[in-house]
Every structure is written in structure tokens, then in C-alpha cells.
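Structure, as C-alpha cells:
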Amino acid sequence: MIIRSKVILRAKKLADAQDDYTWQTDPELARLDAAPLLTMSFSRYLSDYVSELHYPALTRRRFAIDTLDGKHIGNCTYYSTNETKGEAELGIMIGDRNWWDKGYGADAVNTLLSHIFHRTNLTRIYLKTLDSNARAQKCFQKCGFTPYGHLVKDGFSFVLMEIDRKRWDERQANSL
Ligand SMILES: CC(C)(COP(=O)(O)OP(=O)(O)OC[C@H]1O[C@@H](n2cnc3c(N)ncnc32)[C@H](O)[C@@H]1OP(=O)(O)O)[C@@H](O)C(=O)NCCC(=O)NCCS
């Protein structure tokens, strides 16, 4: 469990399944995330969920995002971890709209970056977000990510962003 000023990142648990199902079957969230809308039943989802909790993928680490008083508001992850290249991709979703635009996303991203750069040997974290998703881009910029290119994939247009350990360390030093 990692506690920051606004959020707690913690391991995923079975009790998160209902929230996660609600968010993954939400058309607006799927659109903002350029993700396919989940259509499977909750019982099927739950059985996959249990498997993932018991046998997590080696190249991915998932965290729930809770408020300081324990409300589950979203999830964040790093995945496609490549130890040889020293890099991984970051993903985040604040599923509960009541918590958008209040700094919870930036605090969760900063917390995850701090964990990655202090607890792993990874040196570069990258992500993609839709060109049209100004809120997400602003959130990532606040955390030190910089754009490094564009990608068109499956009919979606993405901005690519990255941060490396050196930039992270410099920003930490400057904030002291
Ligand atoms: C993207 C997301 C993680 C950001 O988290 P958040 O808690 O809302 O973000 P923050 O409050 O830390 O930062 C958002 C910033 O964008 C700003 N913003 C919001 N809408 C904006 C817009 N249309 N144009 C420009 N800036 C905008 C906010 O004012 C805020 O900036 P500020 O702190 O200077 O006021 C969260 O909103 C989310 O999960 N949204 C739904 C799913 C989604 O977009 N997924 C894609 C993720 S790649």
C-alpha cells in the first residue's frame, strides 16, 4: 500500500470487481480510453477476474486507486514491462466522474512513478492517450510527461508521451 497526499495505491482485490465491471461497461469511459466496450456478463467477468488475481501477468502490475478515506475511485497500472529495454507503459482510469479534475489522477500517476523509479530498475515510462483527450494530456504534463510523437491505430489518433528516470529525478530535486 502506498499513501500520498490525495490517494492510496493498493493491490487489487475481489471486492473491486463490481466497480471495475461498471467502469468497463461505461460507453463514455471506453471512448475516452479508446478501449472496446465490455459486453460479457458479470458472472463471466468475475470468473476471469478471479483468475487474474490468482495468476497475475508477469509483465504487468495493477493497483487500485482509493481516496484517503478508502473509496475506490479508479485503477492504474504499468504493463508491457521490458526489463531489457528498462521500460513499461502506464495506464490510468479514474472511473468515478465525481473525482475528475480535482488532482486525483495526477497524484495517482506521481505515486505510481515514484514507486516505479524507486522500487524497480525501469528507466523510461511511456503512454498513449487520444489526441482529443485534453484532460488526460494535461494530467500527464503536470506529472512531467512530455510528448514525443503521434500514432494512428485502429482508426484512433493518439499522442505519445514519456518520462525517464533522469527527468523524474530532476523534477523531484527541483520540488524540494
Ligand atoms: C484522465 C484522468 C486519469 C485524469 O485524472 P484527473 O484526476 O481528472 O486529472 P487532474 O485533475 O489531475 O488533471 C486534469 C487537468 O486537466 C484540466 N482539464 C480538464 N478538462 C480540460 C480540457 N478540456 N482542456 C484542458 N484542460 C482540461 C483540469 O483543469 C486539470 O488541470 P489543473 O489541475 O491545472 O486544473 C481521469 O480524468 C480519467 O480517468 N478520465 C476518464 C478516462 C480517461 O480519460 N482515460 C484516458 C486515460 S489515458
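Numbering of residues begins at 1 and proceeds along the displayed sequence. All ligand and atom numbering here is 1-based and tracks the order in the structure.
Nearest heavy atom pair, residue N110 against residue C143, reads OD1-CB, 3.6 Å. The nearest pair of heavy atoms linking Q24 to L37 is O-CD1, 3.8 Å.
Salt bridge K128/E89: present, at least one basic N to carboxylate O contact under 4.0 Å. Using a cutoff of 4.0 Å between basic side-chain nitrogens and carboxylate oxygens, D107 and K102 are not scored as salt-bridged. Using a 4.0 Å cut-off between a side-chain N of Lys or Arg and a carboxylate O of Asp or Glu, K12 and E52 do not qualify as a salt bridge. Contact check on D101 versus R135 returns a salt bridge, with a Lys/Arg side-chain nitrogen under 4.0 Å from an Asp/Glu carboxylate oxygen. Between D48 and R44 a salt bridge is recorded (basic side-chain N to carboxylate O distance below 4.0 Å).
By the criterion of a heavy-atom distance under 4.0 Å, the side chain of N133, and not its backbone, is placed next to ligand 1. At a 4.0 Å heavy-atom cut-off, ligand 1 touches R135 through backbone and side chain alike. When heavy-atom distances to ligand 1 are checked against a 4.0 Å cut-off, K142 comes that close only through its side chain, counted from C-beta outward.
Counting only heavy atoms of the protein, atom 11 (O) of ligand 1 lies nearest to G103 N, 2.8 Å. Among all non-hydrogen protein atoms, the one lying nearest atom 39 (O) of ligand 1 is I94 N, 2.7 Å. Of the protein's non-hydrogen atoms, A134 CB, 3.7 Å is the one closest to atom 22 (C) of ligand 1. Protein heavy atom in closest approach to atom 45 (N) of ligand 1: D33 OD1, 3.8 Å. When only non-hydrogen protein atoms are considered, atom 41 (C) of ligand 1 lies nearest to W100 CZ2, 3.4 Å. Considering only non-hydrogen protein atoms, atom 19 (C) of ligand 1 sits nearest to D101 OD1, 3.1 Å.
Proximity annotation for atom 4 (C) of ligand 1: of C139, A30, G91, G95, C139 comes nearest, heavy atoms only.
For the pair R124 and Y148, the cation-pi criterion (under 6.0 Å, within 45° of the ring axis) is fulfilled.
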Inset, instruction - Please step through side-chain contact (heavy atoms from CB on, under 4.5 Å) for the pair I65 and I94, ending with a clear verdict. - result: CA-CA 8 Å; I65 305 170; I94 306 285; 4.0 Å; yes
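Residue contact check: T129 has heavy atoms under 4.0 Å from atoms 48 (S) of ligand 1. Ligand 1 places these atoms under 4.0 Å from at least one heavy atom of A136: 1 (C). The atoms of ligand 1 that sit less than 4.0 Å from any heavy atom of M93 are 39 (O). Near K102, with a cut-off below 4.0 Å to any heavy atom, the atoms of ligand 1 are 11 (O). Less than 4.0 angstrom separates some heavy atom of A106 from each of these atoms of ligand 1: 12 (O). Taking a cut-off of under 4.0 Å to the non-hydrogen atoms of I92, the atoms of ligand 1 that pass are 3 (C), 47 (C). For ligand 1, the atoms lying closer than 4.0 Å to a non-hydrogen atom of K138 are 15 (C), 16 (O), 17 (C), 31 (O), 32 (P), 34 (O).
Protein non-hydrogen atoms do reach within 4.0 Å of atom 28 (C) of ligand 1.
Side-chain rings of H72 and W23 approach one another, their centers coming within less than 6.0 Å.
Counting heavy-atom neighbours within 6.0 Å of N121 CG, excluding the residue itself, gives a total of 12 or less.
Considering backbone and side-chain atoms alike, G105 places an N or O below 3.5 Å from some N or O of ligand 1.
Side-chain contact check for T25 versus Y45: every heavy-atom pair is 4.5 Å or farther apart.
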